[in-house]
Protein chains: 2
Amino acid sequence: MGTDRRAAILEAAAGVIARRGVRGLRVADIAADAGVSTALVYYHFKGRADILRRTLELISDRAQRYTADQARTEVATGRVRAARPPRSPRRELERALLLELQDRAEVRENSTAWGELCATAVFDPELRTALSDARLCWIDALVETLGRSHGNAPPTALTAAAERLTATLEGLSTRWLGGILPLPHARELLREAVAVELAHLRHAT
Amino acid sequence: MGTDRRAAILEAAAGVIARRGVRGLRVADIAADAGVSTALVYYHFKGRADILRRTLELISDRAQRYTADQARTEVATGRVRAARPPRSPRRELERALLLELQDRAEVRENSTAWGELCATAVFDPELRTALSDARLCWIDALVETLGRSHGNAPPTALTAAAERLTATLEGLSTRWLGGILPLPHARELLREAVAVELAHLRHAT
DNA sequence: CGGCATTGACTGAATTTTCAGTTAGCGTAC
DNA sequence: GTACGCTAACTGAAAATTCAGTCAATGCCG
């Protein structure tokens with residue numbers, strides 16, 4: 001276990017992807033970024049494709065961690081100070097989604113890499129399945145959150161809302177990362193999207 | 001003006017991008033696809049990067065053309081048979097957006113290439129500006145459509161709705177092309193998104 | 001008209017660059 | 001002494017880009 005070099009290589013890969021994109025990802029760059037020889041990369045990984053796959057896992061784990069941290073925090077505080085007023089469903093939903101629209105380096109990197117991997121997956125069936133799973137999981141989580149506040153709405157309506165919200169989030173994220181939509185504006189649009197969808201759910205009940 | 005070879009090369013480039021992605025774009029492929037020597041590609045264009053830029057222009061022109069054709073058709077028929085009942089604002093908006101979600105080869109190709117170029121633009125400032133213009137133009141068109149039916153809503157609300165709808169469309173399109181969202185479902189989600197946003201606009205007035 | 005110069009479109013065959021992937025071996029800890 | 005973590009230097013193939021010229025058309029002078 002003396003080696004965290006392997007992990008460093010993956011971190012570096014995520015960084016390079018965020019900086020130059022999957023298209024611009026060269027094994028030599030990863031190595032340089034990790035302060036390591038290219039040969040070591042091949043010592044630890046099967047090849048470029050393998051690195052990509054593992055990096056996807058890293059990215060998706062990180063995203064998982066965001067939301068997990070979030071949930072854990074809520075539960076913990078909920079338990080400790082039971083007197084805290086329950087967060088409104090709207091707030092809860094907003095927070096869950098806005099986690100992906102923050103100006104923290106980690107988030108930005110993650111979002112960029114995610115976008116790249118989505119784009120790459122269009123032409124790479126192997127990435128596709130993994131990505132598909134991740135997205136379904138993400139949608140399920142949202143549906144669950146929605147269900148807690150609008151459990152009486154038909155399940156298909158909940159799913160549709162979750163699908164639209166994640167799609168909207170991805171679209172906004174692309175624009176943000178593409179530099180044509182300032183972060184605050186993106187966040188505002190997303191908040192409104194949540195409000196709009198929730199209003200619709202209430203009306204549909 | 002005797003040469004449409006140059007245009008053929010760009011058409012071919014769009015096709016190759018849609019088929020293999022920007023990363024899989026080889027100049028030799030473009031040439032082969034256009035039935036031309038690779039050298040000719042360099043005769044007409046400065047290099048790979050130049051081709052990419054010009055192809056983005058082509059793609060965005062094509063998208064423009066869709067909507068222009070659409071608008072022209074509406075105006076024309078409106079003039080000729082004035083008795084035709086006016087299309088409901090919702091229908092009009094739906095049609096404009098659903099144009100990008102069709103199973104026609106031309107549309108699929110254009111959407112795929114568009115997605116690829118968006119993804120590329122995140123890392124290429126030169127592409128970025130062009131893309132930004134195209135998107136603003138697209139949003140303006142939507143705002144205008146929205147304004148015709150909800151002119152009394154505050155302009156910022158119209159813009160926000162248009163921004164959200166285009167973002168949602170792009171997100172759905174990505175999923176469709178990525179093969180994780182069947183086309184009919186994507187279309188249904190988009191139709192609902194329109195309904196949801198319009199309801200919100202009405203309420204906000 | 002008919003020959004000659006010029007030019008733009010175009011090509012096949014190099015040349016150069018770029019990268020993923022390999023090899024041979026060094027140090028060191030056990 | 002051997003297994004492990006690691007590197008410098010290399011290879012081979014795939015692509016990008018350039019070169020040296022062909023060909024067909026156009027203009028122009030006599």
Side-chain angles (χ1 to χ4, degrees), chain A residues 1-59 113 116-117 119-127, chain B residues 1-58 113 116-117 119-121 123-127:
Chain A
M1 214 145 298
T3 307
D4 42 11
R5 259 350 209 243
R6 194 193 135 101
I9 291 173
L10 281 180
E11 296 286 342
V16 174
I17 290 177
R19 213 155 358 95
R20 308 223 200 292
V22 169
R23 303 143 219 290
L25 184 159
R26 279 167 296 149
V27 178
D29 286 345
I30 300 176
D33 238 51
V36 143
S37 69
T38 59
L40 186 65
V41 176
Y42 286 94
Y43 177 76
H44 283 299
F45 300 94
K46 236 179 154 184
R48 210 190 103 107
D50 188 32
I51 298 170
L52 238 58
R53 196 169 35 251
R54 307 294 177 164
T55 306
L56 168 59
E57 282 165 22
L58 174 68
I59 299 289
E116 270 300 279
L117 289 167
T120 309
V122 173
F123 305 100
D124 180 347
E126 202 172 345
L127 283 181
Chain B
M1 214 146 299
T3 304
D4 42 10
R5 245 19 191 234
R6 194 192 135 100
I9 290 172
L10 282 180
E11 297 283 344
V16 174
I17 290 177
R19 215 154 356 95
R20 307 223 201 296
V22 169
R23 176 155 219 276
L25 192 180
R26 280 167 294 151
V27 179
D29 286 346
I30 299 176
D33 239 49
V36 143
S37 69
T38 58
L40 185 65
V41 177
Y42 285 92
Y43 175 77
H44 282 299
F45 301 94
K46 235 179 155 185
R48 211 189 101 107
D50 189 33
I51 297 170
L52 240 56
R53 195 169 37 253
R54 308 295 177 163
T55 306
L56 168 61
E57 282 165 22
L58 173 67
E116 272 294 293
L117 289 167
T120 309
F123 307 99
D124 180 345
E126 204 169 347
L127 283 181

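These numbers come from the heavy atoms of this one structure, side chains and all, not from hydrogens, waters or symmetry mates. Chain naming here is simple, since letters A, B, ... match the order of the sequence lines and numbering starts at 1 in each.
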Peer 1: With sequence neighbours excluded, what pairs up with B/Arg54 under the side-chain contact (heavy atoms from CB on, under 4.5 Å) test?
Peer 2: B/Arg6, B/Leu10, B/Phe45, B/Asp50, B/Glu57

Peer 1: Polar-atom pairs under 3.5 Å, protein N or O versus N or O of nucleotides 9-16 of chain D: list them with distances, or write none.
Peer 2:
from	atom 1	to	atom 2	distance (Å)
D/dA15	OP2	B/Arg26	NH1	3.1
D/dA16	OP1	B/Leu25	O	3.4
D/dA16	OP1	B/Val27	N	3.3
D/dA16	OP2	B/Val27	N	3.0

Peer 1: Between B/Glu116 and B/Val22 (side chain of the first, backbone of the second, donor and acceptor by atom type, cut-off under 3.5 Å), is there such a pair?
Peer 2: yes

Peer 1: Between D/dT17 atom P and B/Lys46 atom NZ, what is the distance in whole Å?
Peer 2: 12 Å

Peer 1: Report the distance from atom CG of B/Leu58 to atom CD1 of B/Ile51, rounding to the nearest 0.5 Å.
Peer 2: 12.5 Å

Peer 1: Can you tell me how far CD1 of A/Ile17 sits from OG1 of A/Thr55, rounded to the nearest 0.5 angstrom?
Peer 2: 5.0 Å

Peer 1: Whole angstroms only, please: what is the CZ-P distance between B/Arg6 and C/dG8?
Peer 2: 15 Å

Peer 1: Could you tell me how far apart B/Ile9 (CD1) and C/dA9 (C1') are, to the nearest whole angstrom?
Peer 2: 11 Å

Peer 1: How would you list, by chain and number, every residue that makes a side-chain contact (heavy atoms from CB on, under 4.5 Å) with B/Arg23, sequence neighbours excluded?
Peer 2: A/Arg23, A/Arg48

Peer 1: Grab the NE2-C1' distance between B/His44 and C/dG8 for me, whole Å please.
Peer 2: 9 Å

Peer 1: Enumerate, atom names and distances included, each donor-acceptor pair closer than 3.5 Å involving a side-chain atom of residues 30-42 of chain A, sequence neighbours excluded.
Peer 2:
from	atom 1	to	atom 2	distance (Å)
A/Asp33	OD1	A/Arg19	NH2	3.3
A/Asp33	OD2	A/Arg19	NH2	2.9
A/Ser37	OG	A/Leu40	N	3.3

Peer 1: Between A/Asp29 and A/Gly24, what is the shortest heavy-atom contact and its length?
Peer 2: OD2-O, 3.9 Å

Peer 1: Please list residues of residues 49-56 of chain A whose heavy atoms come under 4.0 Å from any atom in DNA chain C, ordered by number; otherwise none.
Peer 2: none

Peer 1: The criterion is side-chain contact (heavy atoms from CB on, under 4.5 Å); which residues satisfy it with A/Ala18, sequence neighbours excluded?
Peer 2: A/Glu109, A/Thr112

Peer 1: Return the value, rounded to whole Å, for the distance between atom OH of B/Tyr43 and atom P of D/dC23.
Peer 2: 17 Å

Peer 1: If I take atom CD1 in residue A/Ile30 and atom C1' in nucleotide C/dA20, what distance separates them, rounded to the nearest angstrom?
Peer 2: 11 Å

Peer 1: Do any pairs count as a salt bridge (charged side-chain N to carboxylate O under 4.0 Å, His left out) and have a residue in residues 8-18 of chain B, sequence neighbours left out, and if so which ones?
Peer 2: B/Glu11-B/Arg62

Peer 1: Over the length of the helix from C/dC1-D/dG30 to C/dC30-D/dG1, how much do the five-pair end axes diverge, rounded to 10 degrees?
Peer 2: 10°

